[in-house]
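Read through the structure below, which is laid out as structure tokens, and then see the notes.
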Amino acid sequence: SFLGHTMERHYESADVPSVAQKLRATFRGGKTKPVAWRRAQLEKFATMLNECSDKLCKALHTDLNRSMHEGWLTEINPVQHHVQMCLDNLDSWMAPEPVMIDPVNIPGYSYVEAEPLGVALVIGAWNYPVQLTLMPIVGAIAAGNAVCVKVPSDKYSAACSRAIAECVHQYLDPEAVCVVEGDREATQAVLAEKWDTIFFTGGCFVGRMVAEAAAKTLTPVVLELGGKSPCVVDRTADIGVACRRIVWGGFFNAGQTCVRPDYILVDDTIADAFFIELKKTVKKFYGDNPKDSEYFGRLINTRAAERVKGLLEQSAGKIVVGGENSVADRYCAPTIVDFGSDVTAFETSAVMAEELFAPILPVLRYTGGLDQVIGFINDREKPLVLYAFTDDSTTQTRLKNETSSGATVFNDTLMHMASHKLPFGGVGNSGMGRYHGKHSFETFSHQKPVLVKYFALDWLVQRYPPYSSFDVKVLQFVQEPRNGWKNELLVSLPKYAIFAFAFYVMWKPTGILKMLFQSIADLL
């Protein structure tokens, strides 16, 4: 048992080659493949989340000023659900999936089996350091892999990275799950090694570095990135509900959420009422001075605070809510920027240049209807999420069908992340690959096809050369494309033939057997 394992071992950039070698030896030895090992590790994972919850939440408060309740709700609890789902379904996910045999492979059988990829590299992100680091590890373990974990840089979420390393080392198998700590140098060290799969969560800049490193060794890679996710509010929306959900999703974690609504397109006919309700909601959630609120976070470091200060300065004159900031305190108030209906000023502004990762919501009042909205969204990179608040089914259908995004969510924000039965992932510039629930298991598995044939009854001798005209006709008959039920009937012919032969031997019905085969041939 590794539970209660307390011997400290800190892996840094210089240790990466030996860590990779150790993990490869563990996987090749077959330790991680049995269902018993996977289940035991998942159960210890659940114990770790329960017993380390306070420790991890305190680290979240240190790094991001996250309240204890919100830390548990958004970082610990989602991983708990993921672990439980894996435990509940592990046997069925691992079970071979039978596949109907095709005529040329009779007699035989086939199936698809989930095979672990090998040694996985998981690179976590600092904005949700616990969830985004631990969630992929759950899927990797469930799929039977050994795992190297690169926790977020100690120049960002240092307290969380240290806490994660300590907890993982204490509770999980140290021969199969290793944590590497450090900054950019450590990231470069892990990317220099050959892995069987790489799972990265972070921004596009580092994502390209990860993809480039993976390409050199033809390593499959999952990139969970981000981008500017639009939020559309049309005239049919319930303004009160929309504002509550937008303010919550947009300002949670001080706006440092990859799936947050990053800008708003609101119908000009309801815009004034919308802004009034937005202001009321911000005050209701965070009080007159959000800096004093227990439930409003901080920017990750002073470098981020300096960047956000620059964005606010460039938005002067258009800020209608918030704008206060303190670099020393890593603080930026919940801020709303109103560009009116000036599309040029909006799309060329500093707050629209890239993903904000700040508690700032730029807003454009659209006057050109849904066509303007769809055109504006499609003129930009594909977002991680498209949010839309609308009660109009035609609008929902058009937005879903005429745009492309990692996910589409109507009348809420962030909440698709709460469903482990939905896949999570981006498309285009917002990422590639998917995970959560069974999708995590599949991401860290190779779906291996297996065909089993027998030496007996090598009946289709026509496949071997030389080919006579009769051989060609037989092969053409067997291989002719057929719809589903006809193909199933052809596959079942050997069984029917045995029954027919037994019938003929026992009763010798004149002409019946010939008529039966002729009828089957006519159907096919």
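These numbers come from the heavy atoms of this one structure, side chains and all, not from hydrogens, waters or symmetry mates.
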Next on the checklist: What verdict does the side chain to side chain contact (heavy atoms under 4.5 Å, CB included) test give for Asp54 and Trp72, after you've listed the backbone C-alpha separation in whole Å, the side-chain angles of each residue and the deciding distance to 0.1 Å?
Outcome noted: CA-CA 8 Å; Asp54 285 350; Trp72 174 82; over 6 Å; no
Item to check | side chain to side chain contact (heavy atoms under 4.5 Å, CB included) evaluation trace for Asn65 with Phe296 | outcome: CA-CA 7 Å; Asn65 200 49; Phe296 189 73; 5.9 Å; no
Item to check | Step-by-step side chain to side chain contact (heavy atoms under 4.5 Å, CB included) determination, Leu60 to Cys160 | outcome: CA-CA 6 Å; Leu60 286 164; Cys160 287; 3.6 Å; yes
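Closest approach of Pro136 to Gln131, counting heavy atoms only: CD-O, 4.0 Å. Minimum heavy-atom separation, Leu132 to Ala125: CD1-CB, 3.9 Å. Residues Ala142 and Leu42 share a closest heavy-atom pair of CB-CD1, 4.2 Å. Minimum heavy-atom separation, Glu277 to Thr281: O-OG1, 2.7 Å.
Put simply, the side chain of Leu399 reaches to within 4.5 Å of the side chain of Leu386, judged on heavy atoms. Residues Tyr263 and Leu364 form no side-chain contact, since every pair of their non-hydrogen atoms from C-beta on lies 4.5 Å or further apart. Taking 4.5 Å as the limit, some side-chain heavy atom of Asn301 sits within range of a side-chain heavy atom of Tyr156. Residues Phe444 and Pro116 are not in side-chain contact: their nearest non-hydrogen atoms beyond the backbone lie 4.5 Å or more apart. Inter-residue side-chain proximity for Val247 and Pro334 is flagged as unmet; no heavy-atom pair is nearer than 4.5 Å. A 4.5 Å side-chain heavy-atom check between Cys243 and Leu278 finds at least one atom pair inside the cut-off. A 4.5 Å side-chain heavy-atom check between Tyr171 and Cys52 finds at least one atom pair inside the cut-off. Here the side chains of Val179 and Thr133 are not in contact, with every heavy-atom distance at 4.5 Å or above.
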Anything under 3.5 Å between a donor and an acceptor, one on a side chain of residues 193-200, the other on a protein residue two or more places apart or in another chain? List them.
residue : atom : partner : partner atom : Å
Lys194  : NZ   : Thr217  : O            : 3.0
Lys194  : NZ   : Thr219  : OG1          : 3.2
Trp195  : NE1  : Val190  : O            : 2.6
Asp196  : OD2  : Val119  : N            : 2.7
Thr197  : OG1  : Pro220  : O            : 3.4

For a quick test of your reading: what N or O donor-acceptor pairs under 3.5 Å do the side chains of residues 310-322 make, sequence neighbours left out?
residue : atom : partner : partner atom : Å
Gln314  : NE2  : Gly310  : O            : 3.3
Ser315  : OG   : Leu311  : O            : 2.9

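Proximity of a side-chain donor or acceptor of Glu355 to a complementary backbone N or O of Gly226 within less than 3.5 Å is not detected. Distance alone, capped at 3.5 Å, places no donor-acceptor pair between the Asn325 side chain and the Tyr331 backbone. The main-chain N or O of Ala345 is found under 3.5 Å from a side-chain atom of Asp342 such that the two form a donor-acceptor pair. Judged by distance alone, the side chain of Arg38 and the main-chain N or O of Lys33 form a donor-acceptor pair under 3.5 Å. Remark: the backbone N or O of Asp15 is paired with a side-chain donor or acceptor of Ser18 at under 3.5 angstrom. The backbone N or O of Gly144 lies less than 3.5 Å from a partner atom in the side chain of Thr32, making a donor-acceptor pair. A donor-acceptor contact shorter than 3.5 Å is absent between the side chain of Arg28 and the backbone of Gly118. Side chain of Asn253 to main chain of Gln256: a donor-acceptor pair is present (N/O by atom type, distance under 3.5 Å, no hydrogens or angles). Between the side chain of Lys284 and the backbone N or O of Arg244 there is no donor-acceptor pair closer than 3.5 Å. Under a 3.5 Å cut-off, the side chain of Thr26 and the backbone N or O of Glu175 do form a donor-acceptor pair.
Contacts of Trp93 classified as ring-ring contact (aromatic ring centres under 6.0 Å, His included), with partners at least two apart in sequence or in another chain: Phe441. Qualifying side chain to side chain donor-acceptor pair (under 3.5 Å) partners for Thr413, counting only residues two or more places apart in sequence or in other chains: none. Under the side chain to side chain donor-acceptor pair (under 3.5 Å) criterion, His446 pairs with no residue, sequence neighbours left out. Checked against ring-ring contact (aromatic ring centres under 6.0 Å, His included), Phe339 has the following partners two or more places apart in sequence or in another chain: Phe346. Applying the ring-ring contact (aromatic ring centres under 6.0 Å, His included) criterion to His420, with sequence neighbours excluded, gives His82, His436.
Among residue pairs with one or both ends in residues 287-298, those qualifying as salt bridge (charged side-chain N to carboxylate O under 4.0 Å, His left out) are Lys283-Asp288, Lys291-Asp329; sequence neighbours excluded. Applying the salt bridge (charged side-chain N to carboxylate O under 4.0 Å, His left out) definition to pairs two or more places apart or across chains, those involving residues 144-159 are Lys155-Asp183. The salt bridge (charged side-chain N to carboxylate O under 4.0 Å, His left out) contacts involving residues 255-266 comprise Lys228-Asp262, Arg260-Asp262, where partners must be two or more places apart or lie in separate chains. Residue pairs meeting the side-chain hydrogen bond (donor to acceptor under 3.5 Å, both in side chains) criterion with at least one member in residues 424-435, sequence neighbours excluded, do not occur. For residues 60-86, every residue pair satisfying the salt bridge (charged side-chain N to carboxylate O under 4.0 Å, His left out) rule, not counting sequence neighbours, is listed here: Arg66-Glu75.
With values rounded to the nearest 0.5 angstrom, Cys332 atom SG is found 8.5 Å from Phe251 atom CZ. Atoms OG and CG, from Ser445 and Asn145 in turn, are 6.5 Å apart once rounded to the nearest 0.5 Å. Once rounded to the nearest 0.5 Å, the distance linking CD1 of Ile76 with CG of Leu134 reads 7.5 Å. To the nearest 0.5 angstrom, Glu181 atom CD is 11.0 Å from Ser153 atom OG. In this structure, Leu225 CG and Cys258 SG are separated by 9.0 Å, a value rounded to the nearest 0.5 Å. Interatomic distance, CG of Asn411 versus OH of Tyr387, reported as 12.5 Å (0.5 Å rounding).
More than 12 heavy-atom neighbours from other residues, nucleotides or ligands sit within 6.0 angstrom of CZ on Arg380. Counted within 6.0 Å of OH on Tyr295, heavy atoms from surrounding residues, nucleotides or ligands total 12 or fewer; the atom is thus considered open. More than 12 heavy atoms of other shown residues, nucleotides or ligands fall within 6.0 angstrom of atom CZ in Arg307. The number of heavy-atom neighbours closer than 6.0 Å to CD of Gln21, taken from other residues, nucleotides and ligands shown, is 12 or below. The local environment of CD in Glu43 is crowded, with over 12 non-hydrogen atoms from other residues, nucleotides or ligands closer than 6.0 Å.
Between Glu166 and Arg162 there is a salt bridge, with a side-chain nitrogen of the basic residue lying less than 4.0 Å from a carboxylate oxygen of the acidic one. Salt-bridge check for Lys44 with Asp173: failed, with every basic side-chain N at 4.0 Å or more from each acidic carboxylate O.
The aromatic rings of Tyr128 and Phe252 sit parallel to each other, their planes meeting at less than 30°, with 60° as the upper class boundary.
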